[in-house]
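Below is one structure, written out as structure tokens; comments come after it.
One is the number of the first residue; the rest follow in order along the sequence.
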Amino acid sequence: MRPFPGIRTAARSGRSFQRYQKALELLSCFHYVLVVADLSFPDIDGIKLIHSLRRLAQVPILAFTSKYTTEEEIQVLFAGADDYLDCGVVLDSERCLAHITAITRR
């Protein structure tokens with residue numbers, strides 16, 4: 001059994017995080033227990049996104065990317081992310097869920 005059977009993704013709940021401003025607006029309007037942030041937003045740098053998210057809320061942030069570099073991981077963690085996941089070409093849902101479980105148990 002999955003540890004979070006009630007988790008719904010932003011897309012499944014009808015909320016789209018395709019645009020940076022919309023993501024910040026939603027974070028300021030609703031209470032989230034976790035933010036999973038894809039660092040490939042089209043209109044802002046991923047590091048700036050993490051800084052902005054952290055300024056708005058003290059919610060756990062899991063950042064992920066398919067273009068992993070050690071330098072980016074360090075910058076993202078210093079920017080305020082709680083965890084960083086290199087997902088390669090395909091996002092491994094079980095691995096992602098394990099990281100989510102770890103950071104939300106704190």
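- Interatomic distance, SG of Cys29 versus CD of Glu25, reported as 5.5 Å (0.5 Å rounding).
- Across all their heavy atoms, Ala81 and Ile50 have their closest contact at N-CG2, 3.4 Å.
- Using a 4.5 Å cut-off on side-chain heavy atoms (C-beta onward), Leu39 and Glu72 make contact.
- In this structure, OH on Tyr84 lies 10.5 Å from CD1 on Ile74, to the nearest 0.5 angstrom.
- When the side chains of ILVMFWY residues are joined at heavy-atom separations under 4.5 Å, either directly or via intervening members, Leu24 and Tyr32 end up in a single hydrophobic cluster.
- If you chain together hydrophobic residues whose side chains sit under 4.5 Å apart, Leu53 and Phe78 never meet in one group.
- Between Val35 and Leu62 the shortest side-chain heavy-atom distance does not fall below 4.5 Å.
- Screening Val36, Asp82, Asp83 for a side-chain contact (heavy atoms from CB on, under 4.5 Å) with His99, the sole residue that qualifies is Asp83.
- For the pair Gln75 and Ile47, the tightest heavy-atom approach, listed with the atom from each and the gap, is CB-CD1, 3.6 Å.
- From Thr101, atom OG1 reaches atom CD of Glu94 across 9.5 Å, with rounding to the nearest 0.5 Å.
- Of the possible polar contacts, one joining the Arg54 side chain to the Ala57 backbone as a donor-acceptor pair under 3.5 Å is found.
- The shortest heavy-atom contact between Pro60 and Ile103 is CB-CD1, 4.1 Å.
- You'll find the side chain of Val59 reaches within 4.5 Å of the side chain of Leu27, heavy atoms only.
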Side chain to side chain contact (heavy atoms under 4.5 Å, CB included) between Val33 and Thr104, worked out: CA-CA 8 Å; Val33 295; Thr104 56; 5.7 Å; no

